[in-house]
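Here is the structure we will look at.
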2 protein chains.
Amino acid sequence: MTSAASSRSPTLKEACVTEALAIIAEQGLEHLSLREVARRLGVSHGAPYRHFESRDRLLAAVVARCYDAFARHLDARPAGGDADADLRAMGVAYLDYALSEPLSYQLMFSTRLPPPTEHPEMMASADHAFGLLRSALARRSPSGSAIEIEADALFVWSALHGLAGTLRSDILAGLELAPETVAEAGAHMLRRIGAALGHPETREQNVAGQR
Amino acid sequence: MTSAASSRSPTLKEACVTEALAIIAEQGLEHLSLREVARRLGVSHGAPYRHFESRDRLLAAVVARCYDAFARHLDARPAGGDADADLRAMGVAYLDYALSEPLSYQLMFSTRLPPPTEHPEMMASADHAFGLLRSALARRSPSGSAIEIEADALFVWSALHGLAGTLRSDILAGLELAPETVAEAGAHMLRRIGAALGHPETREQNVAGQR
DNA sequence: GAGTAATGTAGACAGCGTCTACATCCCGAA
DNA sequence: TTCGGGATGTAGACGCTGTCTACATTACTC
């Protein structure tokens, strides 16, 4: 009966998420509070509570939005080419997002969230991204077993995820790496991943001639 | 004159760090508070403030302790064998620590900390670990340039770091991976890293016969 | 038009980090 | 031996937070 009743006032709910994102961007995650959101929106401090049962649920909504943007970014990678090229395009898109949207990336992967099982839309986005990777790998080597494909997908994802994390990390600053090492880290990582997976057809081309 | 004056009451300071770690282990990072620490130690809520100027500094002390334990764990990896074996031992030790001490690992790499430049002991530990990796890689292929060694060190570290993060992640639960994929992820990752780096002498041995 | 569910308001509560004023206590200098 | 000062712990206050409750208002349904 009240099927559409939950959208009685979509304005405030949406505005809360937007304002929360703004606060995080301006002052950092630690300064996010329901009261601050309410203050900036000119409503009472209890108002957001009608739409988010806790601070964490508001944060979850923000993160869900980040996942959406991330999935869209991956989907929008340059199409065309064989499976191999597509895989590489995905890697580039992944790192590109992590480095160009560090706030969004950090929110997705460095934030303690309420049990994700309660947020199916998040899981769906993550699953979607992982499915892209898995199918690209499967197309690349049709002879591989499902288990091997899956293991490689986990490997590729983890490696890219790890590099993104490392590059964003404060630790990196203390390591005194050569600037070019950092600048070329993405390309180097993709090259190494290519070498690790082996190249069914055009091996040398990728090992040497990338970028 | 007061060279040892800062150790007037080493008891409480040490006890605070220990108790903080216990609280985090029992109730999670979000339940850590100076007041709770004080309460469990039976002192007034202001007492810890004599030793830690803020909550974040206490947390930093806890994290520093984790870094120490981590560095010791890496140093304690089984010695012997050639550079190749040592590199693999380091990878095993890394993943082993990340998975057997998830709390410690999370504190090190998933916690927003005060500017690390103010905590040289932390940077030193991180630098030490990275140095281990770099020198192992250098010994493995003496002909490689310093830049290439460094880039590979970053690659290896990031890949391991990423896998550790992914395996600890809540997201993983929603991906419906085969259990064996998860169980073998570490070994698979180390195998792929080996393949990516190439094996100067005994290539096949590592690709096929590991574990 | 009446009733009802959704939405926003206002106030309260406990908990937190942090600051300040005050009480001890211990060590070294006189 | 005394005494003075720095380090340590205590007690209370402040403003902030998340969350709960009771109340007002609004808008849609019957």
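Below, chain A is the first sequence line, B the second, and so on; all start at residue 1. Here the structure is a predicted model, which is why all the values come from computation and not from measurement. Just the heavy atoms: all of them, side chains too, but no hydrogens, waters or symmetry mates, feed the values below.
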Which residues, if any, of residues 32-50 of chain B bring a heavy atom under 4.0 Å of DNA chain C? B:Ser33, B:Leu34, B:Arg35, B:Arg39, B:His45, B:Tyr49, B:Arg50
Taken to the nearest whole Å, CD/A:Glu53 to P/D:dT21 is 14 Å
How close or far is atom C1' of C:dG17 from atom CZ of B:Arg57, stated in whole angstroms? 15 Å
Rounded to the nearest angstrom, tell me the gap between atom CD in B:Glu30 and atom P in D:dT19. 12 Å
Between A:Phe70 and the options A:Glu101, A:Arg65, A:Met108, the side chain to side chain contact (heavy atoms under 4.5 Å, CB included) test singles out A:Met108
Roughly, in whole Å, what's the span from CZ in A:Arg55 to P in D:dC20? 15 Å
Checking salt bridge (charged side-chain N to carboxylate O under 4.0 Å, His left out) between B:Arg139 and each of B:Asp84, B:Asp86, B:Asp82, which is the one that passes? B:Asp86
Please give, in whole Å, the distance from C:dA6 P to A:Lys13 NZ? 13 Å
Does some side-chain heavy atom of B:Leu29 sit less than 4.5 Å from a side-chain heavy atom of B:Leu59? yes
Provide, to the nearest angstrom, the distance between the CG atom belonging to B:Leu59 and the P atom belonging to C:dT18. 12 Å
With a 4.5 Å cut-off on side-chain heavy atoms, are B:Leu175 and A:Leu154 touching? no
Using distance only, find each side-chain donor-acceptor pair of residues 92-100 of chain B under 3.5 Å and give its atom names and separation, not counting sequence neighbours.
from     : atom 1 : to       : atom 2 : distance (Å)
B:Tyr94  : OH     : B:Tyr105 : OH     : 2.7
B:Tyr94  : OH     : B:Trp157 : NE1    : 3.4
B:Asp96  : OD2    : B:His73  : NE2    : 3.2
B:Tyr97  : OH     : B:Ser104 : OG     : 2.5
B:Ser100 : OG     : B:Asp96  : O      : 2.7

Are OP1 or OP2 of D:dG9 and a side-chain N or O of B:His51 less than 4.0 angstrom apart? yes
From B:Leu41 atom CG to B:Glu36 atom CD, the distance as rounded to the nearest 0.5 Å: 10.0 Å
Rounded off to whole Å, could you give me the CZ-to-P distance for the A:Phe52 and D:dT19 pair? 13 Å
